[in-house]
Colleague: 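The structure is given below, and queries will be raised subsequently.
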Protein chains: 2
Amino acid sequence: MALAHTILVLLANTPRSGYDVSKCFDDSVGCFWKASQQQVYRELARMEQQGLVEFEAVPQEGKPDKKIYRVTPVGMQELSAWFTEPTDPAPIREDLLVRVMAGPYGPRELLVQEVHRRRQMHHDQLQRYREKEANYRAIAQPSPPLQFLYLTLRRGIRYETDWIEWCDEVLTILKESADPQEDASTAQSAL
Amino acid sequence: MALAHTILVLLANTPRSGYDVSKCFDDSVGCFWKASQQQVYRELARMEQQGLVEFEAVPQEGKPDKKIYRVTPVGMQELSAWFTEPTDPAPIREDLLVRVMAGPYGPRELLVQEVHRRRQMHHDQLQRYREKEANYRAIAQPSPPLQFLYLTLRRGIRYETDWIEWCDEVLTILKESADPQEDASTAQSAL
DNA sequence: TTGACATACCCAATAAGTTGAGTATAAACT
DNA sequence: AGTTTATACTCAACTTATTGGGTATGTCAA
């Protein structure tokens with residue numbers, strides 16, 4: 001249900017169109033929540049039906065009307081109520097770890113390659129987050145919404161850093177135990 | 001699609017019943033993949049139809065037949081083919097971070113409480129993982145499947161540790177900037 | 001003896017997420 | 001001149017996941 005609440009928070013900060021909300025999922029909140037444009041539009045329509053948000057149609061030339069959504073009092077009430085409910089850790093479903101577990105059933109090099117590739121991806125993402133962090137730190141008086149968003153960015157930075165470190169750990173172990181059959185004692189001490 | 005492949009790897013290690021596969025999702029692979037019993041049964045039925053696995057029905061008294069699944073040659077082929085495909089990082093959908101972003105719209109104490117609670121959960125999970133790690137290290141000659149599974153356990157340990165550290169970071173910041181209105185300069189330097 | 005827990009499976013309804021296309025226009029780049 | 005990128009929203013089909021029930025039986029403890 002948190003998709004609706006994420007959107008509520010975004011709209012509570014600033015009234016926006018569905019398109020703009022969708023962009024937030026690529027930018028600011030992307031480090032902890034993903035949603036496709038279709039999901040956003042559908043959710044907004046549902047939320048409007050439930051009275052959590054309302055929109056003002058802004059006519060445009062050639063394009064469909066822009067719907068600027070804002071949170072209603074009912075929506076703010078919902079946000080408050082939701083604030084008191086406990087949250088659960090997100091279930092993890094990580095393809096790469098399935099691949100690692102499948103290690104004995106495929107060539108070692110392919111696995112090493114894949115971990116390398118993933119390390120690079122996390123490295124690149126970390127760079128983007130670090131830039132955003134630098135931008136944030138340059139703001140003299142960040143607004144409360146920004147201050148809290150920064151905490152989520154910190155989570156993103158930690159997450160990527162942690163992945164990189166794990167990749168390095170795995171690559172080291174895979175290198176050390178390259179041929180367990182040839183030298184079983186080495187392989188063993190490596191683990 | 002990785003649910004099927006996770007099951008394939010589990011069955012490649014040891015033929016098991018659906019019930020036993022389901023238990024693995026609570027135990028060994030729980031740190032990177034969750035699946036309900038229903039999901040497992042449905043997936044196994046689908047995989048059987050596709051010829052990836054086959055089962056031997058073991059009659060039991062009073063209970064339904066136990067179906068012991070094993071991977072077929074076609075299943076092993078599928079596993080090999082899948083091994084060459086790249087994996088994508090799992091999209092993150094973290095309720096707690098939505099809550100943090102919603103920080104300005106609820107009482108500070110509630111947020112602090114929630115982060116505390118989550119810290120405790122990650123702490124407890126970490127303890128469980130550390131026990132499993134100790135068990136693993138006590139094994140003289142771990143089999144290759146176990147060796148690779150250990151790498152995924154390392155990921156779990158890192159993950160939980162990382163969360164705990166982030167919780168501590170957030171709790172520190174929330175304490176420091178307890179009342180930004182009263183002392184804006186302190187609040188600012190804290191961020 | 002009642003209730004919780006473990007074994008072992010199946011079914012159905014709903015919710016959520018993904019994929020791919022379609023309707024329009026305009027600016028910027030190649 | 002043609003492609004990409006951006007704006008702005010909609011619809012339909014499909015796959016996946018969740019929730020909550022049901023069928024059976026046996027064991028263990030309060």
Colleague: Report the residues that fulfil side chain to side chain contact (heavy atoms under 4.5 Å, CB included) with B/E54, sequence neighbours left out, ordered by chain and then residue number.
Modeller: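 Counting only residues at least two positions away or on another chain, B/E54 forms a side chain to side chain contact (heavy atoms under 4.5 Å, CB included) with B/R70, B/T72.
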Colleague: Starting at the 5' end of DNA chain D and moving along, which residue's nearest nucleotide shows up first, B/R46 or A/I68?
Modeller: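 Closest to the 5' end, via its nearest nucleotide, is A/I68.
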Colleague: What pairs of donor and acceptor atoms, side-chain ones from residues 113-120 of chain B against any protein atom, are under 3.5 angstrom apart with sequence neighbours left out?
Modeller:
{"residue": "B/E114", "atom": "OE1", "partner": "B/R117", "partner atom": "NE", "Å": "3.4"}
{"residue": "B/E114", "atom": "OE2", "partner": "A/T87", "partner atom": "N", "Å": "2.7"}
{"residue": "B/E114", "atom": "OE2", "partner": "A/T87", "partner atom": "OG1", "Å": "2.7"}
{"residue": "B/E114", "atom": "OE2", "partner": "B/R117", "partner atom": "NH2", "Å": "3.1"}
{"residue": "B/R117", "atom": "NH2", "partner": "A/T87", "partner atom": "O", "Å": "2.7"}
{"residue": "B/R118", "atom": "NE", "partner": "B/H122", "partner atom": "NE2", "Å": "3.4"}
{"residue": "B/R118", "atom": "NH2", "partner": "B/E94", "partner atom": "OE2", "Å": "3.0"}
{"residue": "B/R118", "atom": "NH2", "partner": "B/H122", "partner atom": "NE2", "Å": "3.4"}
{"residue": "B/R119", "atom": "NE", "partner": "B/D168", "partner atom": "OD1", "Å": "2.6"}
{"residue": "B/R119", "atom": "NH2", "partner": "B/D168", "partner atom": "OD2", "Å": "3.2"}
{"residue": "B/Q120", "atom": "NE2", "partner": "B/D124", "partner atom": "OD1", "Å": "3.0"}

Colleague: Of all of residues 19-27 of chain B, which get a heavy atom below 4.0 angstrom from DNA chain C, listed by number?
Modeller: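 Only B/Y19, B/K23 qualify.
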Colleague: Pairs of donor and acceptor atoms involving the side chains of residues 27-40 of chain B, under 3.5 Å and at least two apart or interchain, shall be tabulated with distances.
Modeller:
{"residue": "B/K34", "atom": "NZ", "partner": "B/G30", "partner atom": "O", "Å": "2.9"}
{"residue": "B/S36", "atom": "OG", "partner": "B/Q39", "partner atom": "N", "Å": "3.2"}
{"residue": "B/Q39", "atom": "OE1", "partner": "B/S36", "partner atom": "N", "Å": "3.1"}

Colleague: Less than 6.0 angstrom from the centroid, inside 45 degrees of the normal: does B/R99 satisfy that with respect to the ring of A/W82?
Modeller: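 The answer is yes, since B/R99 meets both limits relative to A/W82.
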Colleague: In this structure, how many angstroms lie between the P atom of C/dA6 and the NZ atom of B/K66, rounded?
Modeller: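 Distance check: B/K66 NZ to C/dA6 P gives 16 Å.
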Colleague: Could you give the CD-to-P distance, from A/E56 to D/dA8, as a whole number of Å?
Modeller: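 The distance from CD of A/E56 to P of D/dA8 comes to 14 Å, rounded to the nearest Å.
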Colleague: Test of understanding: with side chain to side chain contact (heavy atoms under 4.5 Å, CB included), list the residues that count as partners of B/E43, not counting sequence neighbours.
Modeller: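 Per chain and number, B/E43 pairs via side chain to side chain contact (heavy atoms under 4.5 Å, CB included) with B/L3, B/A4, B/I7, B/R46, B/M47.
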Colleague: So what does A/R93 touch, heavy atoms closer than 4.0 Å: a base, only the sugar-phosphate, or nothing?
Modeller: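 Contact class for A/R93: sugar-phosphate only.
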Colleague: How many Å lie between CD1 on B/I7 and C1' on D/dT16, as a whole number?
Modeller: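 Nearest whole value for this atom pair: 13 Å.
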Colleague: Calculate the interatomic distance between B/E43 atom CD and D/dT18 atom P; express it in whole Å.
Modeller: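 Distance, rounded to whole Å: 13 Å.
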Colleague: Show every donor-acceptor pair shorter than 3.5 Å between a side-chain atom in residues 18-26 of chain B and any protein atom, with sequence neighbours excluded, or say none if there are none.
Modeller:
{"residue": "B/D20", "atom": "OD2", "partner": "B/S17", "partner atom": "OG", "Å": "3.2"}

Colleague: Restricting to side chain to side chain donor-acceptor pair (under 3.5 Å), what partner residues turn up for B/D95, sequence neighbours left out?
Modeller: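 So B/D95 forms no side chain to side chain donor-acceptor pair (under 3.5 Å) with any residue.
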Colleague: Can any side-chain N or O of B/Q147 pair as donor or acceptor with the backbone N or O of B/P142 at less than 3.5 Å?
Modeller: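 Yes: the side chain of B/Q147 pairs with the backbone of B/P142.
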Colleague: Check the distance between C/dC11's C1' and B/L44's CG and give it to me in whole angstrom.
Modeller: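 Going from CG in B/L44 over to C1' in C/dC11 covers 16 Å.
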Colleague: Apart from A/I68 itself, what residues make up its hydrophobic cluster when side-chain heavy atoms of I, L, V, M, F, W and Y under 4.5 Å apart count as a link, directly or indirectly?
Modeller: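 Cluster partners of A/I68: A/V58.
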Colleague: Would you please name every residue forming a side chain to side chain donor-acceptor pair (under 3.5 Å) with A/Y69, sequence neighbours left out?
Modeller: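 For A/Y69, no residue satisfies side chain to side chain donor-acceptor pair (under 3.5 Å) once neighbours in sequence are set aside.
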Colleague: Given D/dT7, is OP1 or OP2 found less than 4.0 Å from the side-chain N or O atoms of A/S17?
Modeller: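 So the side chain of A/S17 is outside the cut-off, no N or O lying under 4.0 Å from OP1 or OP2 of D/dT7.
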Colleague: Report yes if at least one side-chain N or O of B/Q39 is closer than 4.0 Å to OP1 or OP2 of D/dT18; otherwise report no.
Modeller: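 Answer is yes, contact under 4.0 Å.
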Colleague: Can you list the residues that meet the side chain to side chain donor-acceptor pair (under 3.5 Å) rule with B/W166, with sequence neighbours excluded?
Modeller: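 B/W166: no side chain to side chain donor-acceptor pair (under 3.5 Å) contacts found.
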Colleague: Have a look at the helix from C/dT1-D/dA30 to C/dT30-D/dA1 and give the angle its two end axes make, five pairs each, rounded to 10 degrees.
Modeller: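 The angle, to the nearest 10 degrees, is 40°.
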Colleague: So which protein nitrogen or oxygen atoms get under 3.5 Å of nucleotides 10-13 of chain D's nitrogens or oxygens?
Modeller:
{"residue": "D/dT10", "atom": "OP1", "partner": "A/K67", "partner atom": "NZ", "Å": "2.5"}

